[in-house]
Amino acid sequence: MSEHTTALVTGANKGIGYEIAAGLGALGWSVGVGARDDRRREAAVEKLRAAGVDAFGVPLDVTDDASATAAARLIEEQAGRLDVLVNNAAITGGVPQEPTRVDPAVVRTVVETNVIGVIRVTNAMLPLLRRSASPRIVNMSSSVGSLTRQSGPGGEQTTGPVSAAYAPSKTFLNAVTLQYARELSGTNILINACCPGFVATDLNGFRGVRTPEQGAAIAVGLATLPDDGPTGKFFEDAGEVPW
Ligand SMILES: NC(=O)c1ccc[n+]([C@@H]2O[C@H](COP(=O)([O-])OP(=O)(O)OC[C@H]3O[C@@H](n4cnc5c(N)ncnc54)[C@H](OP(=O)(O)O)[C@@H]3O)[C@@H](O)[C@H]2O)c1
């Protein structure tokens with residue numbers, strides 16, 4: 001079994017996921033770059049290695065059971081266990097997303113990636129995480145999924161446009177995170193959700209105001225929580241986000 005701390009980041013070929021991989025790699029950790037496209041994955045692994053990161057490619061489409069199973073097998077062969085899983089991969093589903101106009105197929109696709117994908121990958125990795133002395137799971141959510149913020153004054157300003165797919169998928173992900181924390185309470189696994197802020201990436205046509213590196217910081221922090229750290233919570237840089 002590897003003596004190194006080993007992490008897997010899903011959707012790590014670009015954007016915030018890439019910077020989470022870089023941030024964990026800078027700690028001296030071995031980082032699995034989970035990505036579905038061979039060319040994009042290998043380019044990211046090369047770039048991370050050039051920056052001194054002990055990176056390895058993990059072919060992974062979070063919507064595919066066989067892919068998640070194969071990814072777990074690869075990590076088992078590579079490291080023997082997994083210390084940290086960052087569920088970062090997600091899609092918005094595009095527009096329109098107003099509930100009265102949305103194509104139900106879009107909602108299904110977004111939930112399949114952003115929620116069921118997280119459950120699929122987490123459950124595939126749990127046997128490897130259970131072998132770690134300090135397992136951590138970080139679910140990359142968004143404050144647009146906060147029901148409290150959406151229903152408060154100025155909801156549109158603080159939580160983005162009306163959406164029947166992306167924002168509710170993050171609400172669903174938050175709820176699922178809490179259910180995992182409840183089931184895993186009493187184990188050494190800490191699982192939390194986080195929001196990176198509004199970050200300039202492909203996801204929003206680079207309209208965000210923060211850099212991917214800034215957006216990655218909260219996930220890196222939750223990946224490195226001490227053993228008495230929180231679980232079943234939702235954080236952004238400024239502190240806890242209301243559900
Ligand atoms: N940017 C923001 O302002 C913002 C705000 C709040 C939360 N977030 C969250 O932060 C996370 C990262 O977003 P980002 O802004 O960095 O977006 P991004 O640049 O679009 O990156 C998304 C990543 O997810 C991957 N992905 C999508 N579907 C996948 C699948 N089925 N299997 C495997 N990988 C898949 C993409 O891979 P491909 O290259 O193959 O498409 C890409 O690597 C997401 O969870 C997002 O919801 C972002």
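Remember, it's 1-based here, ligands and their atoms both numbered in the order they're listed. Model, not experiment: these values are computed from the prediction.
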- Query: Going by an N to O cut-off under 4.0 Å, is there a salt bridge joining R131 and E76?
  - Reply: yes
- Those residues at least two apart in sequence (or on a different chain) that pass salt bridge (Lys or Arg N to Asp or Glu O under 4.0 Å) with E98 are R101
- Query: Heavy atoms under 4.0 Å from ligand 1: which residues qualify?
  - Reply: G11, N13, K14, G15, I16, R36, R40, L60, D61, V62, T63, N88, A89, A90, I91, T113, M140, S141, S142, Y166, K170, P196, G197, F198, V199, T201, D202, L203, N204
- Salt-bridge contact R210-D237 (side-chain N to carboxylate O under 4.0 Å): yes
- Message: Listing request: all salt bridge (charged side-chain N to carboxylate O under 4.0 Å, His left out) pairs with a residue in residues 21-40, at least two apart in sequence or in separate chains.
- Response: D37-R40, D38-R41
- Message: How long is the straight-line distance from CD1 of I191 back to CD of Q179, given to the nearest 0.5 Å?
- Response: 11.0 Å
- Task: Name all residues meeting the salt bridge (Lys or Arg N to Asp or Glu O under 4.0 Å) criterion together with D103; count only those two or more places apart in sequence or in a different chain, and write none if there are none.
- Result: none
